[in-house]
Protein chains: 2
Amino acid sequence: MAFTYDYPHPAVTTDIAVFSIIEDALHVALIERAADPFKGSWALPGGFVNMDEDLIDGARRELAEEAGVTPDQLDGLPFMQIGAYGRPGRDPRERVITVAFLTLVPMDRVKLVASTDAAKAEWFTMDDLPPLAFDHADILTSAREALSKLVSTTLTEEAKAVFSFLPQEFTLSQAQTMFETIQGQPLEKRNFRKWIQTHWDLEDLKKKTQGGRHRPAALYALNGLSKQS
Amino acid sequence: MAFTYDYPHPAVTTDIAVFSIIEDALHVALIERAADPFKGSWALPGGFVNMDEDLIDGARRELAEEAGVTPDQLDGLPFMQIGAYGRPGRDPRERVITVAFLTLVPMDRVKLVASTDAAKAEWFTMDDLPPLAFDHADILTSAREALSKLVSTTLTEEAKAVFSFLPQEFTLSQAQTMFETIQGQPLEKRNFRKWIQTHWDLEDLKKKTQGGRHRPAALYALNGLSKQS
DNA sequence: CCAAAAGTGTTGGAACTACACCCATGA
DNA sequence: TCATGGGTGTAGTTCCAACACTTTTGG
């Protein structure tokens, strides 16, 4: 079947930078392309947008299809638009404009499975990335910057997203490690604890971790943003 | 001539929110659509992207074509990408994904002329907007937010863009009025002057305005960002 | 001399930084 | 009892907000 237009149309894709924190290091999910162009290269998961779906839904679907993330794993995860990339020639096949998204997946539920279009799907440390297909290195750089900005600038509803990295019940030390990993710099423990408790509305679950051979830690959950800006 | 593809392709457009400050009020340039859909409605200038041009160049070209802004008027102006809008059904003709841009034009050199596709081109105060075609009201809201964020958050190279509103040589009072207009709130004079002089690298031109029937004001020019964050 | 905008310092509060020791648990 | 991470307060500094009067010019 063919589709005909009076004027030339570009193709439109979505690409998704899926971040997670694994062993205290920021990781991103990449797939190895099973088809040309860039067959064998690593790339961000993504693909063509269907005509009847919104951009963000296309991103979700492609992520499910290519990295084998099941829809319920994506449920409730924040998808943030980073921008559109449309340099002519960025795809050797035809004019392709891509809309890039960013998402964060929890430290715990994480499973990548190669499937359609992808030979493999794996986590890579941000410090040790392979060469990427298309202009995905640029996109990933912007995604990394957007992520940092989420925690460094003023508190917004969006910034809540960073807590997706944590399990629902978390300790302040886990939270601290997450912020340190995202910002790429160590934070002072007492100051961090003061800061997070004044800026975020944390619920004290009155529970403690158990099992470590050290003092148990109090568990918290995120309620929402604190009232004062 | 017809263009045929194996899979359906959406159309891709750019839309541009052109802001200026006129008589101390934030204005945006709108065109009255000369053709369906939304014939007779006001809309952001914009149009289809050519296959061989980058998104930002498409935005520049469309702005020139539709609002009669000459290329040299656009020279050196910052174009900032706001995001992609692709809700299915946002254009009644076919699937259209638009990439929205934001630009700022100086208080002085400003000329809008209706031309191709546009019955009229006019400046509107942001406080008194007509109903807009497509989802342009949403886009304009985001653009307005992006503009505010430019001045309210930390200093970046991007934030320099706000100085496009000012003539090359400006007084601190003009600068203050501009910041007030963008943020929509009055600023305290002494604090503002201290702030701008510590945060921006202003060159004192050792010149004064003349002609007002009041004390002459010192003229400044923007050099760049100050070293300290 | 009057109107109109330009210019100029100080003080209090809030927010952030730096810093070192004791506690609870499991092995 | 020791190793491991959890938990706590204070003092100095920096940054921001509030606030009112004098200066220079043209008419």
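In the text below, chain A, chain B and the rest are named by the order of the sequence lines, each starting its count at 1.
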Tell me whether the side-chain N/O atoms of A:Ser173 come closer than 4.0 Å to OP1 or OP2 in D:dG5.
no

Kindly point out which of D:dT25, D:dG7, C:dA24 is positioned nearest to the side chain of B:Pro216?
D:dT25

According to the interplanar angle, ranging from 0 to 90°, do the rings of B:Phe170 and B:Phe163 count as parallel (below 30°), tilted (30 to 60°) or perpendicular (above 60°)?
tilted

Specify the separation, in whole Å, of atom CG of B:Asp204 and atom C1' of C:dG7.
13 Å

Taking the side chain of A:His214 as heavy atoms from C-beta outward, which of D:dG5, D:dT24, C:dA4 is closest to it?
D:dG5

Filtered N/O pairs between nucleotides 9-13 of chain D and protein, under 3.5 Å:
from	atom 1	to	atom 2	distance (Å)
D:dT10	O4	A:Lys194	NZ	2.8

No-hydrogen, no-angle side-chain donor-acceptor test under 3.5 Å, B:Thr177 and B:Asp24
no

B:Gln174 side chain to B:Thr171 backbone, donor-acceptor under 3.5 Å:
yes

Can you check the B:Leu172 CG to C:dT8 C1' distance for me, whole Å?
12 Å

Out of D:dG6, C:dA27, C:dA24, whichever nucleotide has its closest atom nearest the side chain of A:Arg213:
C:dA27

If we ignore hydrogens and angles and just use 3.5 Å, is the side chain of A:Glu188 paired with the main-chain N or O of A:Arg190 as donor and acceptor?
yes

Whole-Å gap separating C1' (D:dC16) and CG (B:Leu187):
13 Å

Distances under 3.5 Å between nitrogen or oxygen atoms of protein and nucleotides 21-23 of chain C:
from	atom 1	to	atom 2	distance (Å)
C:dC23	O4'	A:Arg215	NH1	3.4

Round to the nearest Å and state the distance from B:Gln210 atom CD to D:dG27 atom C1'.
17 Å

Test item: A:Thr209 side-chain N/O and A:Ala217 main-chain N/O as donor-acceptor pair under 3.5 Å
yes

Parallel under 30°, tilted from 30 to 60°, perpendicular over 60°: which one fits the rings of B:His199 and B:Trp195?
parallel

Tell me whether A:Arg61 is salt-bridged to A:Glu65, with the criterion being a basic N under 4.0 Å from an acidic carboxylate O.
yes

A:Lys208 NZ to D:dT4 P, straight-line distance once rounded to whole Å:
21 Å

Whole-Å distance separating the CD1 atom of B:Ile196 from the P atom of D:dC16
14 Å

Rounded interatomic separation in angstrom, taking CZ from B:Phe192 and P from C:dA6
12 Å

Between B:Leu63, B:Leu102, B:Leu74, B:Leu44, which is the residue that forms a side-chain contact (heavy atoms from CB on, under 4.5 Å) with B:Val18?
B:Leu63

Using the rule side-chain contact (heavy atoms from CB on, under 4.5 Å), only one of A:Arg33, A:Glu32, A:His136 pairs with A:Trp42; which is it?
A:Glu32

How many whole angstroms separate atom CD of A:Gln176 from atom C1' of D:dG7?
12 Å

